[in-house]
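What follows is one structure encoded as structure tokens, with my remarks underneath.
Each chain gets a letter, A, B and so on, in the order the sequences are listed, and its residues count up from 1.
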Amino acid sequence: MKERLRTCVNSALKRCYAEGSLNSGEYPHFVVEIPAHSEHGDFAVNIALALARAEKQAPRKIAEILVAALDGGDGLWDRLDIAGPGFINFHLAQNCWYAVLDEIMSQGERYGCSEVGGGAKVQIEFVSANPTGPLHIGHGRGAATGDAAARMLAAAGYDVQREYYINDAGNQVVILGRSIWMRLRELCGVTIEFPEDGYHGDYIRDIAVKLRAAQGDAPLRLAETEAIEVCGRFGMEYVITWIERDLQAFGVRFDNWYSEKSLYDRDLVQTELNTLRDKGLTFEQDGALWFRTTAYGDDKDRVLIRSDGIPTYFASDVAYHMEKFERGFSRVIDVWGADHHGYVPRMKAVLEGLGHEPDDLRVLLIQMVNLLRDGQPVAMGKRSGEFVTLRDVIDEVGSDACRYFFLMRRSDSPLDFDLELAKQQSNDNPVYYVQYAHARVCSINRTAAELGMTVPTAAQVDFTALQLPEELSLAKLLARFPETVAGAAENLEPHRVVYYLQELGTLFHSYYNKCRIIGDDPTTSHARLYLVNSVRIVLANALGLLGVSAPERM
RNA sequence: GCGCGAUUAGCUCAGCUGGAUAGAGCGCUGCCCUCCGGAGGCAGAGGUCGCAGGUUCGAAUCCUGCAUCGCGCGCCA
């Protein structure tokens, strides 16, 4: 709709230049926007203001000339106004809004999708929690956000791959292995002193029990290093399976699980380091190999290979990110905890150093989640490693509420998550409110069916029966859905869809409360049934983008 | 100390990338059930958009400085 108006305005401007009524020849950037107040029409265009300087005329005067040059737009609008400092306001014909309803019904679950992505290959890497323990609530927010962003990118016409990066190469595998080994020995009656830097969670004991069930005390007869390796490998596989299962319960799946270790197995880390060296971007100092990231705006240089010869995590990250681009992705997205924000400049430096645009990598930072119960913070002993796990929260409030709450705020803003509110089955709980709107339409459909009515086709509907302001407002809001999705995808801001849902839910409940859908007049009933089912489709599609279900009954 | 991010209604937060009279939810006050699901709806009160400058037709939005808060600054991963 906006684009159609933009085209009309541009061709009107072209006509003015041809006729000589305007003569700067400029085609300035201008916006087509939905005004805050309905008296200002359905769309407002600020081109006259943008042109004022070049034309050296008052904006309102320019607007008059442009309006004179705008033809009927094929009946797209009823009326044009010039208002305020020189806005051109478009009052669209009602048929435009009725056409939207038809479009929604015929596109069904595809409504909201667009082609703005143009099929570009995008990769989004998220969660990527260390496979040394369960997912906690912070990972959950990253999972919900990454997954919703992926769904929105796909809907906006991108070719999306979801990837989980497994940190299975570093020292942590050894620590995990040693922790399990210790617990295993303990189980077998050996008196142990548990290492301070080990993983203290109870799940380590569980893993030791599982390992013992699978392999008996065989690992204990091995030399220490070998035993730790065996325990580490077993533990990591166990934890990854565990993580995968929790994510599945959360409705999150990955296309690819990418092993850090595989980078070393294929010698990719060394290859990339050689490339950096050949480009003269590295230097040696104090026996270590450094990347001169300061050349690209980082505040200090970074170590790639430590003086003891062991590559840093940064080194494999360099290789990993370069390999992403070699796999053909034109855009790469990382979802990180906000406490890692200091790593952004060095990764951008890597890209720039190796010939990519820094903007080819986008980092989505996820802020902290504060768990609350009745408004009081839930104690999380950070020291003891006693995080509240994602699984605990899913079990308590359900996957739907959990995901919805994680997505309610923009991701770079800290989030208060009230467990009691998330469980509540009332209008105070935003997810119930929106799901209820969907269930309510389904309920209306059931009532209609009992009366022998089915949802009509567009041809059977007399749209002119929809004259109430609420009905037109609903149609206009439904029309905004595709651009809302595209905007949310482009900016990686799933919360926009949440706000959209809230608005749509409110408008629908209000409409429902004000007038009967199924009444005495069949013409009106059919038209309203058609309208509320358009609403139902958009509610379902929007909830789907969040990974939240749209129940028919509650 | 340096860097990044924040600061909008009593509370929690949006604000479509510079537009017209700044919005929502919760809370508060007052209303609405012969009705397709009241798990709902309507109305009202509530703001110097942290402070001070600047940029321009126009600023919550962009720039500079200051204040307050959060996070990050390892040859850890």
Side-chain angles (χ1 to χ4, degrees), chain A residues 2 31 33-37 39-40 44 46 49-50 52-53 58-59 83-87 89 130 132 167 169-173 175 197 260 285-290 298-300 302-314 316-317 337-345 365 367-368 372 375 408-410 412-416 418 421 424-430 432-433 435-437 439-448 450-451 480 483-484 487-488 490-491 493 495-496 498-500 502-503 506 508-519 525 528-529 532 553-554:
Chain A
K2 281 186 179 177
V31 293
E33 62 179 357
I34 298 169
H37 303 279
E39 319 86 77
H40 295 140
N46 69 343
L49 291 103
R53 179 177 288 258
F87 291 103
N89 293 335
N130 284 340
T132 54
N167 295 117
N171 193 33
Q172 58 207 339
V173 196
I175 298 175
D197 67 345
E260 179 188 6
Q285 189 181 308
D286 306 328
L289 183 71
W290 299 68
D298 198 4
D299 56 353
K300 32 182 104 148
R302 308 292 169 178
V303 172
L304 290 162
I305 311 262
R306 306 188 325 206
S307 52
D308 61 7
I310 296 174
T312 60
Y313 179 83
F314 180 51
S316 49
D317 242 11
D339 53 343
H340 288 73
H341 68 78
Y343 297 76
V344 177
L365 296 172
Q367 268 291 359
M368 293 258 302
L372 304 176
M408 274 196 308
R409 305 269 176 262
R410 42 184 309 142
D412 56 3
S413 148
L415 170 70
D416 289 334
D418 192 321
L421 180 61
Q424 216 166 304
Q425 310 217 342
S426 74
N427 56 328
D428 295 342
N429 183 349
Y432 271 86
Y433 181 81
Q435 286 182 316
Y436 175 48
R440 206 169 216 183
V441 179
C442 293
S443 169
I444 294 168
N445 286 343
R446 286 191 292 271
T447 306
E450 281 168 25
L451 298 170
R480 257 170 50 199
E483 69 194 63
T484 302
E490 209 58 48
N491 295 284
E493 293 184 342
H495 75 278
R496 293 190 190 194
V498 176
Y499 277 86
Y500 178 88
Q502 176 69 36
E503 200 178 341
T506 301
F508 168 73
H509 283 306
S510 169
Y511 174 58
Y512 172 90
N513 203 258
K514 187 168 176 185
C515 56
R516 290 188 63 85
I517 309 306
I518 302 169
S525 301
R528 288 181 175 173
L529 197 56
V532 297
R553 297 169 194 274
M554 293 173 69

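Separating the CZ atom of A:Arg302 from the P atom of B:A77 is a distance of 14 Å, rounded to the nearest angstrom.
With B:G38, B:C75, B:U17 as the choices, the nucleotide that has an atom nearest any side-chain atom of A:Arg496 turns out to be B:U17. Comparing B:G19, B:G25, B:C75 against the side chain of A:Gln502 picks out B:G25 as the nearest. Among the nucleotides B:G15, B:G38, B:G41, the one closest to any side-chain atom of A:Glu493 is B:G15. Closest contact between the side chain of A:Asp428 and the listed nucleotides B:G19, B:G27, B:C76 involves B:G27. For A:Thr506, the side-chain atoms get nearest to B:G25 when compared with the rest of B:C75, B:G25, B:G38.
Using Watson-Crick or G-U wobble geometry with both donor-acceptor distances under 3.5 Å, B:A67 finds its partner in B:U7. With a 3.5 Å ceiling on both atom-pair distances, the Watson-Crick or G-U wobble partner of B:A43 is B:U29.
Residue A:Ala288 is in base contact, counting any heavy-atom pair closer than 4.0 Å across all strands shown. Using a 4.0 Å heavy-atom criterion, one finds that A:Ser443 contacts the bases of the nucleic acid, with or without backbone contacts as well. Using a 4.0 Å heavy-atom cutoff across all strands shown, A:Glu490 reaches no nucleic acid atom at all. Nucleic acid contact for A:Gln285: base, since at least one base atom lies under 4.0 Å from a heavy atom of the residue. Contacts of A:Phe314 with the nucleic acid, taken as non-hydrogen atoms under 4.0 Å apart, are absent. Here A:Cys442 lies out of heavy-atom contact (under 4.0 Å) with every strand. Among the protein residues, A:Asn89 comes within range of the nucleic acid bases, having at least one heavy atom under 4.0 Å from a base atom. Across all strands shown, A:Ala36 has no heavy atoms under 4.0 Å from either base or sugar-phosphate atoms. Counting any heavy atom pair closer than 4.0 Å across all strands shown, A:Asn130 reaches sugar-phosphate atoms only and no base atom. Contacts of A:Gly170 with the nucleic acid, taken as non-hydrogen atoms under 4.0 Å apart, involve only primed sugar atoms and P, OP1 or OP2. Residue A:Lys300 is classed as a sugar-phosphate contact, given heavy-atom separations below 4.0 Å to backbone atoms only. Within the nucleic acid shown, A:Asp286 comes within 4.0 Å of at least one base atom, counting heavy atoms only. Nucleic acid contact for A:Ser426: sugar-phosphate only, since backbone atoms but no base atoms lie under 4.0 Å from a heavy atom of the residue. A:Ala83 comes within 4.0 angstrom of a nucleotide base, judged by non-hydrogen atoms across all strands.
Aromatic stacking of A:Phe87 on B:A20: satisfied, with centres closer than 5.5 Å and planes within an angle under 30 degrees. Stacking of A:His40 onto the six-membered ring of B:A20 is present: less than 5.5 angstrom between centres, less than 30° between planes.
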Tabulate protein N/O versus nucleotide N/O from nucleotides 57-63 of chain B, keeping only pairs under 3.5 Å, one per line.
from	atom 1	to	atom 2	distance (Å)
B:C57	OP1	A:Arg53	NH2	3.0

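A side-chain N or O of A:Glu260 and one of A:Ser316 form a donor-acceptor pair less than 3.5 Å apart.
At the phosphate of B:A77, neither OP1 nor OP2 sits under 4.0 Å from any side-chain N or O atom of A:Thr312.
For the P atom pair drawn from B:G15 and B:C28, the interatomic distance equals 27 Å after rounding to whole Å. Separating the P atom of B:A43 from that of B:G5 is a span of 40 Å, rounded to the nearest Å. Taking the C1' atom of each, B:C26 and B:A14 are spaced 14 Å apart, rounded to whole Å.
Heavy atoms only, all atoms of each residue included: A:Asp298 and A:Pro345 are closest at OD1-CB, 3.7 Å.
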> For every nucleotide of nucleotides 2-13 of chain B, 5' to 3': is a protein heavy atom under 4.0 Å from its base (B), only from its sugar-phosphate (S), or from neither (-)?
Replying inline: -BB-------BS

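Qualifying salt bridge (Lys or Arg N to Asp or Glu O under 4.0 Å) partners for A:Glu490, counting only residues two or more places apart in sequence or in other chains: A:Arg331.
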